[in-house]
Amino acid sequence: MPDAADDSYELPVTVDLLADLQAGLLDDRTAAQLRRRVRTDPAVKAQLAALDRVRRHLSALGVDSASAPDVPADITTRIGAALRSAPPPTP
């Protein structure tokens, strides 16, 4: 039975894995396998295209000053204080 180190192994494609590909978080071998799947599997190609659209929409919202009101200064101060006083995350 082939395993993940074998190039013939069909990597199970998830949205998380595609997002990791977009973010450049995958090792070279895994990224190459996934890019091959994107080129040869229409469903995987469509998933990646959908993620690309979401990324573009979020990017546009990030520069759209009308997308959300400014947060009052007292709220950001309270949030900052809460984050500074919180214990560090555990792995």
Participant: Measure the spacing between CD1 of Ile79 and CZ of Arg84 and express it to the nearest 0.5 Å.
Facilitator: 11.0 Å

Participant: Is the side chain of Ser85 donor-acceptor paired with the backbone N or O of Ala81 at a distance under 3.5 Å, no angle test?
Facilitator: yes

Participant: Less than 4.5 Å apart, any side-chain heavy atom of Val44 and any of Leu18?
Facilitator: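 Val44 reaches Leu18 side chain to side chain.
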
Participant: Between Asp41 and Arg36, is there a side-chain heavy-atom distance shorter than 4.5 Å?
Facilitator: no

Participant: Might you confirm whether atom CG of Asp28 has over 12 heavy atoms from other residues, nucleotides or ligands at distances under 6.0 Å?
Facilitator: no

Participant: Could you go step by step and tell me if Leu26 and Leu17 meet the side-chain contact (heavy atoms from CB on, under 4.5 Å) rule?
Facilitator: CA-CA 8 Å; Leu26 301 177; Leu17 190 60; 3.7 Å; yes

Participant: Cluster question for you: counting only ILVMFWY and a side-chain heavy-atom cut-off of under 4.5 Å, with indirect links fine, are Leu58 and Val15 together?
Facilitator: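 The answer is no; the residues belong to distinct hydrophobic clusters.
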
Participant: Leu51, Leu25: one ILVMFWY side-chain cluster at the under-4.5 Å cut-off?
Facilitator: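 Cluster IDs for Leu51 and Leu25 differ.
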
Participant: Keeping the roles fixed (side chain from Thr30, backbone from Asp27), state whether a donor-acceptor pair exists under 3.5 Å.
Facilitator: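 It does not hold such a pair.
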
Participant: Can you tell me if Asp70 has over 12 outside heavy atoms packed within less than 6.0 Å of its CG?
Facilitator: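 Atom CG in Asp70 is not packed in, count stays at 12 or less.
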
Participant: Answer yes or no: is there a side-chain heavy-atom contact under 4.5 Å between Gln22 and Leu48?
Facilitator: yes

Participant: Hey, mind stepping through Thr40 and Lys45 against side-chain contact (heavy atoms from CB on, under 4.5 Å) and telling me if it holds?
Facilitator: CA-CA 8 Å; Thr40 60; Lys45 185 176 186 173; over 6 Å; no

